[in-house]
**Student:** 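Handing you a structure now.
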Protein chains: 2
Amino acid sequence: MEQLAPRRNLRDELKDRGIRMTHQREIVLELIQGSSRHLDAESLWKLAARKDTCINLATIYRTLTLLKRFGLVDELDLMHIEGEKHYYEVTRLRSHIHLACFRCGEIQEFQTPLFTKLCKQVEQECSFSIKTGRLEFGGLCSKCRQKERPAAD
Amino acid sequence: MEQLAPRRNLRDELKDRGIRMTHQREIVLELIQGSSRHLDAESLWKLAARKDTCINLATIYRTLTLLKRFGLVDELDLMHIEGEKHYYEVTRLRSHIHLACFRCGEIQEFQTPLFTKLCKQVEQECSFSIKTGRLEFGGLCSKCRQKERPAAD
DNA sequence: TCTTAGTTGCAAATGATTTGCAAGTAAAAC
DNA sequence: GTTTTACTTGCAAATCATTTGCAACTAAGA
Ligand SMILES: [Mn+2]
Ligand SMILES: [Mn+2]
Ligand SMILES: [Zn+2]
Ligand SMILES: [Zn+2]
């Protein structure tokens, strides 16, 4: 999990692995890579449709499966804050954790050395070889907390 | 998340909250509470069927929703190690993390003060009020690692 | 015992994701 | 540049997990 090589673009990563590049894949890769949001399959599909000819939703799913298989994207649940769908983001060098607000739906990212430490502890004490991991919290974001108890407490 | 009161049995917890107790609910509560495994809705359903008259699967789901709503059970993904289903366990006093082996499917639990520390850090530094959280890892368990590289390295 | 709001079973609906298959295409070989 | 072939796509149907509408039932307070 922590042995990630510096990331080039997804396109090259796939080519290096001998994966055939297609028009559809180029579009999907570019979208995931360029997005600041956490995208689910359908959002990705709609963005792709806007950008170019329609890509089939099945192709989106197949591309995501491919990327997951090579550890190039992470699949997130984000506490299933909206339905049962999953969200995707390019795997980053330093892993981060996600906070999902049950009230407003905002997703916040947070990074801390404690998490890295925890991963190492798990690998050592459980002799478990981590391939992927995710830490997600659900609750109230700071904004929603303030609205919750207005000027009180 | 850390302000959990000492847990009595689920039945009483629900009664205290004015929730009506039914024959079906008693069975489901007892099963979740007594299980050492992480159960998904269907497993729970099959266990219930064995134990008594058939309970409808919809009732299982409705009971789980109820328990989740009151924070009495936690819903786990366990890295969706088998399909997209979810798993359930009684919320415990001290939260723990889950390691899922992609090879053999084993689920291991692990507890560390680092996790509690991390939760506190999140609450403080993000002023995020944690209602629920989960940390899950996927990879290879120690047994499968050994089989992986037999006597090598 | 009566009453009623809350609960159940059942079957159908929903939402997310996967799959089979015939047609299309990238890219290696000629 | 043409051929070849294995890989990829679109489409529609299938699958899997979970939810919902509704009429019949029942827990528990009056
Ligand atoms: Mn993220
Ligand atoms: Mn999930
Ligand atoms: Zn919020
Ligand atoms: Zn294993």
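The sequence lines fix the lettering, A, B, ..., with proteins before strands; numbering per chain opens at 1.
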**Student:** How bent is the helix from C:dT1-D:dA30 to C:dC30-D:dG1, comparing axes over its five end pairs at each side, to the nearest 10°?
**Tutor:**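 Result, rounded to 10 degrees: 30°.
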**Student:** Is a donor from one side chain sitting under 3.5 angstrom from an acceptor on the other, for B:Asp40 and B:Ser43?
**Tutor:**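 Present: a donor and an acceptor within the cut-off.
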**Student:** Walking along DNA chain D from 5' to 3', note the first and the last nucleotide with an atom under 4.0 Å from a heavy atom of chain B, and give both.
**Tutor:** D:dA17 to D:dA28
**Student:** Measure from NZ on B:Lys85 to C1' on C:dT17 and round the result to the nearest Å.
**Tutor:** 15 Å
**Student:** What is the distance, rounded to the nearest whole Å, between atom CG of B:Asp77 and atom P of C:dA16?
**Tutor:**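 To the nearest whole Å, that distance equals 15 Å.
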**Student:** How long is the gap from CE on A:Met79 to CD on A:Glu136, to the nearest 0.5 Å?
**Tutor:** 6.5 Å
**Student:** How long is the line joining CG of A:Leu57 and P of C:dG15, in whole Å?
**Tutor:**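 Going from CG in A:Leu57 over to P in C:dG15 covers 14 Å.
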**Student:** Are the side chains of A:Leu14 and A:Phe70 in contact, using a 4.5 Å heavy-atom criterion?
**Tutor:** yes
**Student:** Show the nearest heavy-atom pair for residues B:Arg25 and B:Arg20, with the distance to one decimal.
**Tutor:**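 For B:Arg25 versus B:Arg20, the nearest heavy atoms are NH1-O, 2.7 Å.
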**Student:** What's the separation between atom OG1 in B:Thr91 and atom CG in B:Leu67, rounded to the nearest 0.5 Å?
**Tutor:**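 Interatomic distance, B:Thr91 OG1 to B:Leu67 CG, rounded to 0.5 Å: 8.5 Å.
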**Student:** Looking at residues at least two apart in the chain, or sitting in another chain, which of them share a ring-ring contact (aromatic ring centres under 6.0 Å, His included) with A:His38?
**Tutor:**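 By the ring-ring contact (aromatic ring centres under 6.0 Å, His included) rule, A:His38 matches A:His98.
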**Student:** Indicate whether the side chain of A:Glu75 and that of A:Tyr87 have a donor and an acceptor atom separated by less than 3.5 Å.
**Tutor:**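 Absent: no donor and acceptor within the cut-off.
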**Student:** Identify the two heavy atoms, one from B:Ala41 and one from B:Ile60, that lie closest to each other, and give their separation to 0.1 Å.
**Tutor:** O-CG2, 3.7 Å
**Student:** With the side chain counted from C-beta on, respond yes when A:Arg62 and A:Val28 share a heavy-atom pair under 4.5 Å apart, and no when they do not.
**Tutor:**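 A side-chain contact is absent here, since even the closest heavy-atom pair is not under 4.5 Å.
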**Student:** Got a donor-acceptor contact below 3.5 angstrom from the A:Trp45 side chain to the A:Ile55 backbone?
**Tutor:**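 Looks like yes, one N/O pair under 3.5 Å.
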**Student:** Under the salt bridge (Lys or Arg N to Asp or Glu O under 4.0 Å) rule, what pairs show up with a residue in residues 107-119 of chain B, not counting sequence neighbours?
**Tutor:** B:Arg92-B:Glu109
**Student:** Looking at B:Val73 and B:Leu64, what are the two nearest heavy atoms and their distance?
**Tutor:**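 Closest approach of B:Val73 to B:Leu64, heavy atoms only: CG2-O, 4.3 Å.
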**Student:** When the ring planes of A:Phe137 and B:Phe115 are compared, do they come out parallel, tilted or perpendicular, using 30° and 60° as the limits?
**Tutor:** parallel
**Student:** Where do N or O atoms of nucleotides 22-27 of chain C meet protein N or O atoms at under 3.5 Å, pair by pair?
**Tutor:**
unit_1: C:dA26; atom_1: O3'; unit_2: A:Met21; atom_2: O; d: 3.1
unit_1: C:dA26; atom_1: N3; unit_2: A:Arg20; atom_2: NH1; d: 3.3
unit_1: C:dA27; atom_1: OP1; unit_2: A:Met21; atom_2: N; d: 3.0

**Student:** Mind listing the residues from residues 42-50 of chain B sitting with a heavy atom below 4.0 Å of DNA chain C? Number order is fine.
**Tutor:**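 Nucleic-acid contacts, sorted: none.
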**Student:** Rounded to the Å, how far apart are A:Leu64 CG and C:dT17 P?
**Tutor:** 9 Å
**Student:** Please give, in whole Å, the distance from C:dT7 C1' to B:Ile27 CD1?
**Tutor:** 15 Å
**Student:** Could you tell me how far apart A:Leu39 (CG) and C:dT17 (P) are, to the nearest whole angstrom?
**Tutor:** 13 Å
**Student:** Which comes earlier along DNA chain D counting from the 5' end, the contact point of B:Glu84 or that of A:Leu66, where each point is its nearest nucleotide?
**Tutor:** A:Leu66
**Student:** If you take all heavy atoms of B:Ile81 and B:Cys101, which pair is closest and at what distance?
**Tutor:**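 Smallest interatomic distance, heavy atoms only, reads CD1-O, 3.1 Å.
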**Student:** Expressed in angstrom and rounded to an integer, what is the separation of A:Asn56 atom CG from C:dT18 atom P?
**Tutor:** 14 Å
**Student:** Please report the distance, rounded to the nearest Å, between CZ in B:Arg62 and C1' in C:dT8.
**Tutor:**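 Taking CZ of B:Arg62 and C1' of C:dT8, I get 6 Å after rounding.
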